[in-house]
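See below for the structure under consideration.
Heavy atoms only: backbone and side chains are in, while hydrogens, waters and symmetry mates are out.
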Amino acid sequence: MSPARSRFVQIHGTDDNNSKNGRNCKLFLLVLYLLNGEKFKHQEDPCSKKYAIPLGPESLLLRGARLKNTKEIFGVAVYTGMETKMALNYKSKSQKRSAVEKSMNTFLIIYLIILIAEAIISTILKYTWQAEEKWDEPWYNQKTEHQRNSSKILRFISDFLAFLVLYNFIIPISLYVTVEMQKFLGSFFIGWDLDLYHEESDQKAQVNTSDLNEELGQVEYVFTDKTGTLTENEMQFRECSINGIKYQEINGRLVSEGPSPDSSEGNLSYLSSLPHLNNLSHFTTSSSFGSSPENETELIKKHDLFFKAVSLCHTVQISSVQTDGIGDGPWQSNLAPSQLEYYASSPDEKALVEAAARIGVVFIGSSEETVEVKTLGKLERYKLLHVLEFDSDRRRMSVIVQAPSGEKFLFAKGAESSILPKCIGGEIEKTRIHVDEFALKGLRTLCMAYRQLTSKEYEEIDRRLFEARTALQQREEKLAHVFQFIEKDLILLGATAVEDRLQDKVRETIEALRMAGIKVWVLTGDKHETAVSVSLSCGHFHRTMNILELTNQKSDSDCAEQLRQLARRIKEDHVIQHGLVVDGTSLSLALREHEKLFMDVCRNCSAVLCCRMAPLQKAKVIRLIKVSPEKPITLAVGDGANDVSMIQEAHVGIGIMGKEGRQAARNSDYAIARFKFLSKLLFVHGHFYYIRIATLVQYFFYKNVCFITPQFLYQFYCLFSQQTLYDSVYLTLYNICFTSLPILTYSLLEQHIDPHVLQNKPTLYRDISKNRQLSIKTFLYWTILGFSHAFIFFFGSYFLMEKDISLLGNGQMFGNWTFGTLVFTVMVITVTVKMALETHFWTWVNHLVTWGSIIFYFVFSLFYGGILWPFLSSQNMYFVFIQLLSSGSAWFAIILMVVTCLFLDIVKKVFDRLLHPTNTEKAQMYSNTVALSDEFIALQPLSRARNQLSKISLLKQIQVSSAWTPCAVSQKEKQCAHLLEECWNE
């Protein structure tokens with residue numbers, strides 16, 4: 001139905017009894033995980049009214065979903081074409097442009113100004129010289145009558161445009177073509193890098209955009225998610241707290257930590273009297289309960305309810321094939337892990353259900369109306385009455401079930417901040433202490449609670465839920481109000497703690513990023529204590545770091561005052577490094593009216609941890625850093641759909657191909673399998689890409705200045721007649737054939753430092769930060785170098801022919817085209833050899849294209865000038881090149897001018913390296929002779945390893961700069977080298 005006529009789609013069908021079924025679904029619903037609709041159906045009695053069944057997100061089958069636990073379904077398409085949720089949510093990605101591209105555009109404007117200036121100067125000088133009558137109309141170039149009567153203004157404009165065309169080659173249009181080729185071809189090297197290949201998951205690095213390769217070498221801030229990015233996202237149940245008693249799982253058994261408050265010494269577990277949990281192999285305590293039978297019965301009930309809550313309150317699914325036969329006959333609990341495989345959208349839920357199965361309460365499966373649980377062989381069917389889905393505002397989920405005995409229970413599960421305030425009974429304070437202890441260990445915590453409902457209470461709840469779920473207007477607000485009404489007066493059962501272990505080499509990677517001058521921010525949705533513990537364990541925070549906190553702020557004034565106190569502490573404390581912890585609520589207040597103050601505090605912190613963050617807040621934080629006065633380059637790393645917003649907001653987005661789907665990887669600029677690969681991606685590939693393209697850009701402007709400046713100088717000797725110095729074929733082929741391949745090969749293969757050095761010495765990353773290779777100073781150097789070489793080309797050739805142009809033995813004279821060809825020959829050789837001087841990593845391809853380009857120019861010129869081509873309108877170049885090469889003076893002039901051009905450049909490089917070497921230049925000089933690390937030595941043959949060890953010993957005896965000697969940077973590495981020597985002798 002056209003949206004212009006109706007805001008709703010109504011679909012009708014007729015069955016055999018002529019009863020009508022229909023659905024109402026609101027169109028143009030932008031929220032992805034939201035569906036507002038109702039399904040109505042007539043009763044079998046024709047006189048009865050139709051009744052409505054609510055349609056929500058659980059009724060919507062998304063594209064790509066797999067059918068499980070049923071053989072077939074009947075459905076109807078409610079959103080199609082451009083009315084699908086994805087189409088309505090489509091938003092064009094903002095174009096990401098690298099700092100190199102912005103510098104290129106700036107340089108292009110400067111050269112455009114130079115072009116216009118040269119054209120204006122040439123035009124003005126032309127009319128200045130023509131003011132004299134002898135130059136205005138010489139005897140050999142008489143004007144026509146039309147030229148004498150034409151408008152001077154039109155002639156001035158025409159001459160100005162002619163000079164623009166003559167000098168337009170100073171604008172390197174081919175630069176953009178070469179840059180795009182370099183980016184596209186260079187991006188393949190990331191996918192081919194075996195060091196970025198993860199064998200376990202069979203995943204290699206992916207490049208989704210090649211426009212940002214060089215931006216990998218300019219990163220100043222890294223924003224990373226925690227779960228699935230720094231951690232494995234493989235949850236393992238570790239501990240729990242039940243009714244104020246803390247338990248730990250050891251080898252499949254739950255063992256309490258010390259005697260309970262009401263216990264005496266002994267070995268009998270109180271769980272032996274549990275109706276169904278009588279398998280002591282899975283649950284032991286260090287004491288027996290010497291309490292009264294009434295207290296013991298209450299404890300047994302709480303433990304029974306705790307594991308029932310874990311097994312019932314979730315959205316885990318299990319394959320119907322795997323459950324065949326399990327529900328019938330005897331069942332052994334210790335076979336659960338091998339026979340059952342659960343599927344869950346949340347790894348936390350899967351870990352908890354698997355833990356309950358190991359204890360003896362096994363989730364068998366669920367349908368639309370029932371949930372089956374087997375407790376040590378006894379099958380129990382619970383009627384599933386309602387599911388109160390999890391949402392980020394409530395941070396909890398609940399289920400209402402009817403037990404086989406007919407009792408109705410509400411089981412709730414969620415973060416402690418959302419469950420504990422709703423509880424009126426249970427061991428609240430003890431559980432709170434245990435939750436904090438779990439969080440300090442870096443474990444992810446959830447609290448479990450329940451409420452027993454009377455028949456009257458359930459009827460009221462059922463009525464309110466039905467009204468809210470069938471509402472087509474403000475359904476979310478009404479449901480939230482009803483959920484608040486239901487989830488109250490809870491009895492706390494306990495808490496769970498699952499571990500998400502760190503990925504390999506996360507600590508080393510974060511430390512390397514810090515050494516490279518990159519600030520690392522961790523943005524996570526975990527609670528404060530868990531996030532801080534993980535930050536300490538992964539090296540994001542140091543034990544000696546001064547940790548500042550901006551948490552639990554309730555008002556703008558309190559937040560502002562806390563920020564001022566933190567700013568004063570940073571100034572007063574003489575601590576080298578500070579760390580900042582911010583929670584989501586405080587961050588919202590800080591970003592509302594105190595952005596500048598918040599940024600001042602963050603700028604002085606080495607590491608920032610933001611916890612309890614919503615996905616949109618992550619993007620806002622990155623946006624705040626991007627628009628700061630320093631305009632730093634940001635990089636975001638994430639693995640889930642909730643990280644997409646920050647990945648798209650950052651200058652460079654990295655997706656981790658983890659266990660939370662491929663949304664982050666698909667929306668990222670680059671995708672890698674593990675966080676540890678980030679170091680090589682930045683320090684090696686980013687470094688190489690930036691150096692390559694920076695040199696490419698500067699070299700293109702340089703060689704075009706060399707190309708066109710002699711053309712400009714030549715106008716002073718031809719009365720600005722717009723006579724070209726070079727033949728038209730040379731003008732066309734200069735950037736296409738003669739000088740294009742050496743720089744393209746350089747931009748693809750150059751490795752100015754060994755990759756091992758770059759990865760083992762992250763401080764070298766600082767040498768290329770803040771776009772230093774494309775600074776105005778470097779740009780002016782290359783431009784002045786181009787102008788100076790062009791002057792040498794032109795005036796060197798001019799002085800050669802100034803007094804005597806008969807440089808041939810037969811008395812023949814050099815003409816205009818011979819002079820231009822001499823300048824062009826010197827220029828092609830000089831700019832090609834200049835590229836060779838910039839190359840540090842030589843392969844057979846570099847040799848082929850470098851020396852092959854010079855040879856190709858000579859061969860082409862010989863064929864082009866040695867044959868009368870019938871399809872050419874003019875034969876100006878016939879025999880010119882052959883005549884030029886037959887002169888010994890011309891050969892001497894070519895060699896002299898090439899050496900003169902490059903000699904000063906070589907001298908400058910030598911003196912810079914000797915007097916003021918950068919860290920990069922030091923690494924280049926010594927990387928081939930200095931052992932890098934004991935790990936590098938271990939990969940070599942024994943004879944070479946012994947030789948490397950002797951070099952390390954020699955380094956200890958002489959004083960060397962720690963700036964270029966990786967093995968002498970830290971005392972720890974010196975000790976490792978010393979121990980390695982001793983062990984080698986043994």
Side-chain angles (χ1 to χ4, degrees), residues 105-177 700-701 703-736 738 783 786-787 790-791 793-795 797-798 815-824 827 871-878 880:
N105 294 338
T106 302
F107 298 159
L108 193 65
I109 293 174
I110 295 175
Y111 271 71
L112 185 61
I113 294 173
I114 294 175
L115 170 63
I116 295 174
E118 288 182 346
I120 292 175
I121 291 172
S122 299
T123 307
I124 293 175
L125 290 178
K126 176 179 180 179
Y127 283 91
T128 301
W129 284 19
Q130 288 182 356
E132 299 182 30
E133 186 175 352
K134 65 175 182 177
W135 299 121
D136 181 36
E137 194 173 352
W139 61 268
Y140 56 84
N141 191 17
Q142 296 290 321
K143 293 182 180 180
T144 63
E145 191 66 24
H146 175 73
Q147 290 176 332
R148 293 192 184 98
N149 297 331
S150 61
S151 171
K152 292 185 178 180
I153 297 177
L154 291 178
R155 277 188 294 167
F156 184 91
I157 295 175
S158 175
D159 287 329
F160 172 74
L161 294 177
F163 281 116
L164 280 181
V165 173
L166 189 64
Y167 303 147
N168 79 90
F169 287 94
I170 198 174
I171 304 297
I173 303 301
S174 58
L175 167 64
Y176 288 88
V177 179
F700 252 93
F701 283 109
K703 72 186 184 74
N704 277 34
V705 167
C706 292
F707 183 39
I708 286 303
T709 302
Q711 181 80 67
F712 172 71
L713 296 174
Y714 183 64
Q715 298 305 306
F716 286 87
Y717 296 88
C718 66
L719 292 180
F720 297 94
S721 61
Q722 291 129 24
Q723 169 64 38
T724 179
L725 178 63
Y726 313 117
D727 182 71
S728 59
V729 174
Y730 285 159
L731 283 170
T732 304
L733 298 182
Y734 175 74
N735 281 321
I736 297 177
F738 299 146
T783 302
F787 278 113
F791 273 79
F793 302 155
F794 183 81
F795 288 106
S797 302
Y798 176 76
N816 171 65
W817 296 112
T818 308
F819 174 73
T821 303
L822 177 61
V823 174
F824 192 84
M827 177 175 56
F871 53 83
L872 294 178
S873 58
S874 64
Q875 303 290 338
N876 295 327
M877 295 299 296
Y878 178 68
V880 169

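- Among all heavy-atom pairs drawn from Ala790 and Pro710, the shortest one is CB-CD, 3.7 Å.
- The six-membered or imidazole ring of Phe824 lies away from that of Phe793, with a centre-to-centre distance of 6.0 Å or more.
- A cation-pi geometry, defined here as NZ or CZ lying under 6.0 Å from the six-membered ring centre and within 45° of its normal, holds between Lys703 and Phe700.
- Side-chain N/O atoms of Thr783 and Tyr111 include a donor and acceptor closer than 3.5 Å.
- Taken from CD1 in Ile120 to CG in Leu115, the straight-line distance is 9.5 Å, to the nearest 0.5 Å.
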Considering only distance and modelled atom types, tabulate donor-acceptor pairs under 3.5 Å from the side chains of residues 157-165, sequence neighbours left out.
| from | atom 1 | to | atom 2 | distance (Å) |
| --- | --- | --- | --- | --- |
| Asp159 | OD1 | Lys126 | NZ | 3.1 |
| Asp159 | OD1 | Gln722 | NE2 | 3.4 |
| Asp159 | OD2 | Lys126 | NZ | 3.4 |
| Asp159 | OD2 | Tyr127 | OH | 2.6 |

Let me see the working for Leu108 and Tyr176 under side chain to side chain contact (heavy atoms under 4.5 Å, CB included), right down to the final yes or no. CA-CA 11 Å; Leu108 193 65; Tyr176 288 88; 3.3 Å; yes

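- Note that CG of Asn704 is 9.5 Å distant from CZ of Phe169, once rounded to the nearest 0.5 Å.
- To the nearest 0.5 Å, the span separating CD1 on Ile171 from CG on Asn168 amounts to 8.0 Å.
- A perpendicular orientation is assigned to the rings of Phe712 and Tyr167, their planes being inclined by more than 60° (bins at 30° and 60°).
- Between Phe795 and Tyr798, the two ring planes are perpendicular [angle over 60°; tilted spans 30° to 60°].
- Looking only at side-chain heavy atoms (C-beta outward), Ile170 and Gln711 stay at 4.5 Å or farther from each other.
- At a threshold of 4.5 Å between non-hydrogen side-chain atoms, the residues Ile708 and Tyr734 do not count as touching.
- A donor-acceptor pair is defined here as one N or O able to donate and one able to accept, closer than 3.5 Å; such a pair exists between the side chain of Ser721 and the backbone of Cys718.
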Between Phe794 and Phe819, does the ring-ring contact (aromatic ring centres under 6.0 Å, His included) criterion hold? Intermediate values first, please. CA-CA 9 Å; Phe794 183 81; Phe819 174 73; 5.5 Å; yes

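- Each salt bridge (Lys or Arg N to Asp or Glu O under 4.0 Å) pair with one or both residues in residues 108-125, not counting sequence neighbours, would appear here, but there are none.
- Partner Val880 forms a side-chain contact (heavy atoms from CB on, under 4.5 Å) with one of Thr821, Leu822, Asp727 and no other, that one being Thr821.
- Note: Tyr726 and Phe707 meet the aromatic proximity criterion, with ring centroids under 6.0 Å apart.
- Judged as a salt bridge (Lys or Arg N to Asp or Glu O under 4.0 Å), not a single pair has a partner in residues 166-177 (not counting sequence neighbours).
- A donor-acceptor pair under 3.5 Å is absent between the side-chain atoms of Asn735 and the main chain of Pro172, judged by distance alone.
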